[in-house]
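Working notes, beginning with the structure itself.
The sequence lines fix the lettering, A, B, ..., with proteins before strands; numbering per chain opens at 1. What you see is a predicted model; the values in this text were computed from it and never measured. Computation of the quantities below employed the complete heavy-atom set of this structure, encompassing side-chain atoms and omitting hydrogens, waters and symmetry-equivalent molecules.
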Amino acid sequence: MKHSSAAVVDHRANAARFIAEPGRSQWHDQALWFVRSKRDRATAQIPEWEALRAHGAAIKRHVVANLGDYLAAFIAKAEAVGATVHVARDAAEHNAIVHRLLSAAGARKVVKSKSMLTEQCGLNEHLHEHGIEVVDTDLGERIVQLAKEPPSHIVLPAIHKKKEEVGALFHQHLGTPAGLDDPLKLTRAARAHLRERFLAADAAITGVNFAVAETGAIVICTNEGNMDFGTALPDLHIACMGLEKLVPRAEDLGVFTRLLARSATGQAITTYTSHIRGPRRGQQLHIVIVDDGRVSHAADQETSDSLACIRCGACMNTCPIFRRAGGLAYGSTIPGPIGIVLAPHREPSRARKLPDACSVCGSCSDVCPVKIPLHQQILTWRKRLADRGLMDEMKRAGMVVGSAVLQRPWLFRPLAWCGRMAMRLLPQGLRNRAAGAWGTVRDVPKPPAKSFQAQWKARKK
Amino acid sequence: MNSDLPGGAASRADVLTRLRALPRRNVPHPGVFGGDLRYEDVAARFAESVTAAGGHCVRLAAAAVSEALDAHDAWRAARRVFLGPGLDLVHTEGAQRLDTATVTRLHDFAETDITVLVGAPGVAENGAVWIASDDPGLRAALVATQHLVLVVPAARLVHTMHQGYAAIDTTATGYGVWVAGPSKTADIEQSLVIGAHGPLSLLVLVTD
């Protein structure tokens, strides 16, 4: 399900709702830290890991610098082996293409494997309005689809859901016994439900992890086998991809298959890494390649590195804010640090508060398998959005006052004295409130009687 | 191509033109990855990786494959089997053999109880085995089967994915897949469940 597109995303308010339920935030934090720890163990087994990251980063930067050539090469190769390629300028055109293809084939029942692009485009809703049923077949995506929620994470779409909540959804929609919350039994119920859908499907829609310019192949990675199962039977396969998914040669996949799953879930590789080159016998293969702001993103040299993203989700698993606030707080299909740097490209006004959801700890940049300098780009966006007059009004006012005071020691000293004294005199409750968001979950300590400068002078004597 | 339709020639030309108008930057391709990770015992490491991926790995003489299958519960219990090319096996309990000659409806391959395929190379660092085919039946039986067995010659084991890609030709077939372990998911509270939509188990036989 697509995020509602109207208002400015208020990450702080959204996070506050997530944190409000006792234990939820800690539980979510630990679930993601578990994944981050698995990633660390997996990468530690590869002594050449850092060289591999650097290599992946270099290939992706090369691609971003030569997107036109590689896109043209890929289209020519894919069509030469029998695929039909469509290029969409934006989400609406993408949805229209997919709908037209399904209508032409008379398809009413569609199975879809994981694709953040189609989520972002609101494809399911578009097709639903036209009477076409789309079943998301990744288990996590199916869970959030039944819950009528957007995914909260690009690799683990239902990571924010507890097994009891999944059990309740399955009881309601799949007829599992009330109160059943065993992950094995729930997964088996989903298996039976989704295998039925695979057999009944008229068409399959999939995402794409890599598109090889040299060969015209698309490469798709899953653990569940839902892409392979979904495309094995129906006569129509529609693969949707952003144009940044290109890689030059098949041998480059050696680098990215080593990086992707280790970074994503700590597995050495996904269960299925499938290469589809042209349609299988008796099938039509359509590849829909989407711009939707990517060309202008590529033109923006200061931030074009973020087009290198291979959608592993490692930056989410490590981010202290994502782990505690949950992915839905970001109000965009791609949440977390990479979401913060991608969202303002498409919707600067709506995403203008997102870059504040960052402590600039830099952990995201450290784990990124293609070395996107995420925290630096978040700072870049803070600056840009401020320059464009999109900074939060209160924050802007604070900056103006702060700047005026900090530049004038004669003004700073008496004001600091007043502030210190006031904070010493206030009772704890009011002191916490005076400290703003910082004080909502912590006791703000009483400031010392003497200023730092006074203490420093006394010490030097 | 009709340029008035969504996704028509106009959109393609527009996107390509705008991409090609971007300022030229000389960012060279870094070439072949120079890493040289090698395992002391490639077969032992491969077996460990298959196990870590949720599969089961056995090393045996090529002549012993039939015997090993007879000892495999999922094979013995199977009513419908799919055998890939290059395998000369007989199901002693007389299970139905599904193949493109006997089955015309693609959906029937989804009823496979066990699928046995020869694959190569096998990759030691992650337990992945390359399976490539243009047969739509094989493609369906590979993922829709309840249980999967892969037979990999020991001589075709490699250390890393770089060697893996060097050993295959991805343009030889329309479909090729690295399979590492049985289908699995951890989408409910990060609890690993083996057997998502595809095979519930994977047995890898490494043959000498």
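Contact between A:Ala65 and B:Arg25 at its shortest, heavy atoms only, is CA-NH2, 3.9 Å. Here the closest heavy-atom approach between residue B:Pro23 and residue A:Gln301 is recorded as CG-NE2, 3.9 Å. Scanning both residues, A:Ala250 and B:Thr170, for their nearest heavy atoms gives CB-OG1, 3.6 Å.
Ranked by heavy-atom pairs shorter than 4.5 Å toward chain B, the options A:Ala72, A:Ala42, A:Pro279, A:Gly216 are led by A:Ala72. If you tally non-hydrogen atom pairs under 4.5 Å between each of A:Asp138, A:Val64, A:Thr257, A:Ile289 and chain B, the highest count goes to A:Thr257. For the options A:Gln283, A:Arg191, A:Glu48, heavy-atom pairs under 4.5 Å to chain B are most numerous at A:Arg191. Top candidate by heavy-atom pairs under 4.5 Å with chain B, chosen from A:Ala58, A:Gly278, A:Ala92, A:Ser274, is A:Ser274. With chain A as partner, the option from B:Ile131, B:Leu22, B:Asn26, B:Leu200 having the largest number of non-hydrogen pairs under 4.5 angstrom is B:Leu200. When each of A:Thr231, A:Asp181, A:Thr270 is checked for heavy-atom pairs under 4.5 Å with chain B, A:Thr231 comes out on top. Of all the listed residues (A:Thr187, A:Leu243, A:Ile220), the one sharing the greatest number of non-hydrogen pairs under 4.5 Å with chain B is A:Thr187.
Here the side chain of A:His275 pairs a donor or acceptor atom with the backbone of B:Gly176 at under 3.5 angstrom. Side-chain N or O atoms of B:His197 include none that pairs as donor or acceptor with a backbone N or O of A:Arg195 at under 3.5 Å. Checked by atom type and distance alone, the side chain of A:His55 pairs as donor or acceptor with a backbone atom of B:Gly31 at under 3.5 Å. Within the 3.5 Å criterion, the main-chain N or O of B:Gly195 finds a donor-acceptor partner in the side chain of A:Arg188. Formation of a donor-acceptor pair under 3.5 Å by the A:Arg280 side chain with backbone atoms of B:Pro136 is not found in this model.
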Validation: residues 33-43 of chain B side-chain donor-acceptor distances under 3.5 Å, sequence neighbours left out:
{"residue": "B:Asp41", "atom": "OD1", "partner": "B:Ala43", "partner atom": "N", "Å": "3.2"}
{"residue": "B:Asp41", "atom": "OD1", "partner": "B:Ala44", "partner atom": "N", "Å": "3.1"}

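Atom NE2 of B:His56 sits in a sparse spot, with 12 or fewer heavy atoms from other residues, nucleotides or ligands closer than 6.0 Å. The number of heavy atoms from other shown groups lying within 6.0 Å of NZ (A:Lys162) is above 12.
Heavy atoms closer than 4.5 Å to chain A are found in both the backbone and the side chain of B:Leu106. At a 4.5 Å heavy-atom cutoff, the contact between B:Thr173 and chain A is made by backbone atoms alone. In this structure, the portion of B:Asp14 lying under 4.5 Å from any heavy atom of chain A is its side chain and not its backbone. For B:Val27, the parts lying near chain A are the backbone and the side chain together; criterion is any non-hydrogen pair under 4.5 Å. Residue B:Ala144 touches chain A through both its backbone and its side chain, counting heavy-atom pairs closer than 4.5 Å. For B:Pro199, the parts lying under 4.5 angstrom from a heavy atom of chain A are both the backbone and the side chain. Proximity to chain A (any heavy atom under 4.5 Å) is restricted, for B:Ile194, to the backbone atoms N, CA, C and O. Contact annotation for B:Pro30: both backbone and side-chain heavy atoms come within less than 4.5 Å of a heavy atom of chain A. Residue contact with chain B, scored on non-hydrogen atoms closer than 4.5 Å, involves the side chain of A:Asp291 exclusively. Both the backbone and the side chain of A:Pro183 come within contact range of chain B, with heavy atoms under 4.5 Å apart.
Side-chain contact between A:Leu71 and B:Leu19: present, with at least one pair of heavy atoms (C-beta onward) separated by less than 4.5 Å. Put simply, the side chain of A:Leu233 does not reach to within 4.5 Å of the side chain of B:Phe109, judged on heavy atoms. In this structure, B:Ile188 and A:Lys161 have side chains that are not in contact, with every pair of non-hydrogen atoms separated by 4.5 Å or more. The closest side-chain heavy-atom distance from B:Arg139 to A:Asp228 is not below 4.5 Å. A:Thr271 places none of its side-chain heavy atoms less than 4.5 Å from the side chain of B:Trp178. A:Trp27 is listed as a side-chain neighbour of B:Glu189, based on a closest heavy-atom distance under 4.5 Å.
Side-chain atoms of A:Asp252 and B:His29 include a donor-acceptor pair closer than 3.5 Å. Counting only N and O atoms by type, the side chains of B:Arg18 and A:Ser296 include no donor and acceptor under 3.5 Å apart. In this structure, a donor-acceptor pair under 3.5 Å is present between the side chains of B:Thr185 and A:Glu224. Of the N and O atoms on the side chains of B:Arg12 and A:His86, not one donor lies less than 3.5 Å from an acceptor on the other residue.
Rounding to the nearest 0.5 Å gives a distance of 7.5 Å between CG of B:Asp134 and CZ of A:Arg281. The structure places CD of A:Glu251 at 13.0 Å from CE of B:Met161, a figure rounded to the nearest 0.5 Å. For the atom pair CZ of A:Phe229 and OG of B:Ser183, the computed distance is 9.5 Å after rounding to the nearest 0.5 Å. For the atom pair CG (A:Leu253) and CD1 (B:Ile168), the distance works out to 8.5 Å, reported to the nearest 0.5 Å. Atom CG in B:Asp187 sits 6.0 Å away from atom CD1 in A:Ile143 (nearest 0.5 Å).
Residues satisfying the side-chain hydrogen bond (donor to acceptor under 3.5 Å, both in side chains) criterion with B:Asp208, sequence neighbours excluded, are B:Arg59. With sequence neighbours excluded, the residues satisfying side-chain hydrogen bond (donor to acceptor under 3.5 Å, both in side chains) with A:Arg53 are A:Glu50.
Using non-hydrogen atoms only and a strict 4.5 Å limit, the part of residues 111-126 of chain B facing chain A consists of B:Glu111, B:Glu125, B:Asn126.
Between A:Asp69 and B:Arg24 there is a salt bridge, since a side-chain N of the basic residue sits under 4.0 Å from a carboxylate O of the acidic one.
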